[in-house]
Amino acid sequence: MSDYAFRVLESLRARNQHEREFLQAAKEILESLAPVCDKHPAYEKVSLLERLVEPERVILFRVPWVDDRGKIQVNRAYRIQYSSAIGPYKGGIRLHPSVTLSLLKFLGFEQVFKNSLTGLPIGGGKGGSDFDPKEKSDNEVMAFCQSFITELYRHIGQDMDVPAGDIGTGTREIGYMYGQYKRISGLYGGVFTGKGLAYGGSLCRREATGYGLCYFVEHMLEENGKTVDGADVVVSGSGNVAIYTHEKISRMGGRVVAMSDSDGYIYDPSPKGVDLQMVKQIKETERGRIRAYAERVKGSEYHEGCRGIWNVKCDIALPCATQNELDGRAAGTLAKNGCFAVGEGANMPCTPEAVEVFLAKGILFGPGKAANAGGVATSALEMSQNSQRLSWTAEEVDEKLKGIMKGIFQKCAEAASQYADKPTNYAAGANVAGFLKVAEAMMAQGCV
Ligand code: NDP
């Protein structure tokens with residue numbers, strides 16, 4: 001690693017010792033930026049990396065709300081406004097008990113590069129709370145969302161910071177948050193994306209992250225003489241990203257044989273694979289557990305413990321649940337079972353050890369900040385439609401999404417050829433390609 005990138009990483013380690021996930025993401029990114037910094041000594045002269053790794057602003061606040069028994073509950077919430085170098089902060093809101101400052105800093109930092117890769121004018125941000133919407137009544141979720149926005153509204157705006165969904169934040173939560181924002185601010189506009197279709201949402205936004213992942217994987221396979229058609233696919237998770245990944249990968253001729261939630265995984269060896277309508281019924285309509293699938297679908301199996309899903313034999317693995325869900329050992333098992341491609345639908349679902357295994361074994365690897373960028377790209381398309389007071393058709397949005405994902409893949413491949421150890425190291429390529437545009441904007445804007 002170049003001396004400059006290494007020193008910045010060492011300083012980050014000293015100053016953020018307990019931020020495990022953030023340091024993991026920062027190390028991976030800074031290592032790939034080393035050759036770029038060697039080539040551009042001007043970056044060090046203006047302390048560009050030191051500024052890039054530090055969020056522009058972190059907002060931390062309490063969220064008091066009243067539960068159904070009349071008791072006051074208090075959650076902790078954050079908004080990380082990481083970088084506005086190329087546009088207003090943009091990134092989702094995660095509602096999950098595991099949310100910490102470190103987790104959101106990792107997600108916010110990754111978002112800066114991802115948003116840059118889309119080619120659209122959006123900066124990077126992320127937010128969330130340790131509130132768990134699971135097993136809460138609608139009323140409780142609404143009470144939380146309203147209190148959350150009562151504080152956050154002053155920090156967001158359609159030209160300032162535009163939040164969206166993430167784990168635990170779906171259309172219901174966005175609806176409650178948007179309603180409260182409008183009530184307090186009196187503004188009707190594109191301050192959130194992932195909105196319902198009746199009040200400014202974009203067709204195809206719900207599907208965009210999963211569909212975009214499949215488009216990226218398709219390009220990656222095509223480039224390397226392979227195809228989705230006829231492949232057995234394991235998709236972890238059964239939330240927004242996983243469901244629409246299943247939908248598109250099946251249309252491309254893949255067969256999804258396993259899916260999961262945080263309790264365990266299902267395996268369906270039938271000729272058609274996992275029945276998507278049943279998963280949608282259980283997860284989207286009933287908000288139930290994935291184990292119900294095996295109770296209802298003959299011939300399928302349920303296994304307790306979500307990490308076992310990587311033991312299922314497959315050609316393509318698409319981790320779409322959460323960070324660090326696929327480790328070095330699981331990567332070894334995938335390799336042994338003949339898996340030839342991995343695409344990250346979730347953010348950083350593969351540990352550094354897993355990525356090492358993929359690169360060493362020649363397994364094609366699509367990193368999340370590129371492969372799952374279709375969601376935020378379509379969010380930016382939602383912002384454009386809101387500004388124009390127009391609604392595009394699903395076909396129009398999907399066409400634009402396809403073009404954006406193709407562009408992202410090409411940028412990753414080009415940057416990998418120029419700066420990485422091998423031309424198929426798309427992980428390094430994504431970091432470099434995302435960085436170059438942000439760096440150019442920062443160089444132009446002076447000491448900010
Ligand atoms: P959802 O909340 O809709 O679904 C998350 C899924 O992952 C659920 O099946 C959930 O299971 C499972 N899961 C959550 N936490 C864990 C855990 N600790 N261990 C195992 N499984 C877990 O979220 P999304 O589908 O929106 O997001 C999934 C991933 O994709 C996240 O990493 C997110 O950051 C990323 N992403 C999402 C985008 C979007 O547009 N939504 C855009 C880009 C990236 P359970 O139901 O049991 O909680």
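As the structure lists them, so they are numbered: ligands from 1, and atoms in each ligand from 1. We number each residue from 1, following the sequence as shown. Note that the structure is a prediction, hence the values are computed from the model and not measured.
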Any residue meeting ring-ring contact (aromatic ring centres under 6.0 Å, His included) with His303, in chain and number order, not counting sequence neighbours: Tyr265
Show the atom names and distances, to 0.1 Å, of all donor-acceptor pairs under 3.5 Å that link a side chain in residues 305-316 to residues at least two apart or in another chain.
unit_1 : atom_1 : unit_2 : atom_2 : d
Arg307 : NH2    : Asn324 : O      : 2.8
Trp310 : NE1    : Glu325 : O      : 3.1
Asn311 : ND2    : Gly308 : O      : 3.4
Lys313 : NZ     : Asn337 : O      : 3.2
Asp315 : OD2    : Asp232 : N      : 2.7

Give the protein residues with at least one non-hydrogen atom closer than 4.0 Å to an atom of ligand 1, ordered by chain and number. Arg94, His96, Lys114, Lys134, Asp166, Ile167, Gly168, Arg205, Thr209, Gly237, Ser238, Gly239, Asn240, Val241, Ser260, Asp261, Ser262, Lys283, Arg289, Cys306, Cys320, Ala321, Thr322, Gly345, Ala346, Asn347, Asn372
Sequence neighbours left out, what pairs pass side chain to side chain donor-acceptor pair (under 3.5 Å) with at least one residue falling in residues 140-149? none
Check this for me, if you would: do Arg69 and Asp67 make a salt bridge, where the nitrogen-to-carboxylate-oxygen distance has to be below 4.0 angstrom? yes
Is a salt bridge present between Arg205 and Glu382, judged by a nitrogen-to-oxygen distance below 4.0 Å? no
Could you check whether Arg296 pairs with Glu286 (Lys NZ or Arg NE/NH1/NH2 to Asp/Glu carboxylate O, under 4.0 Å)? yes
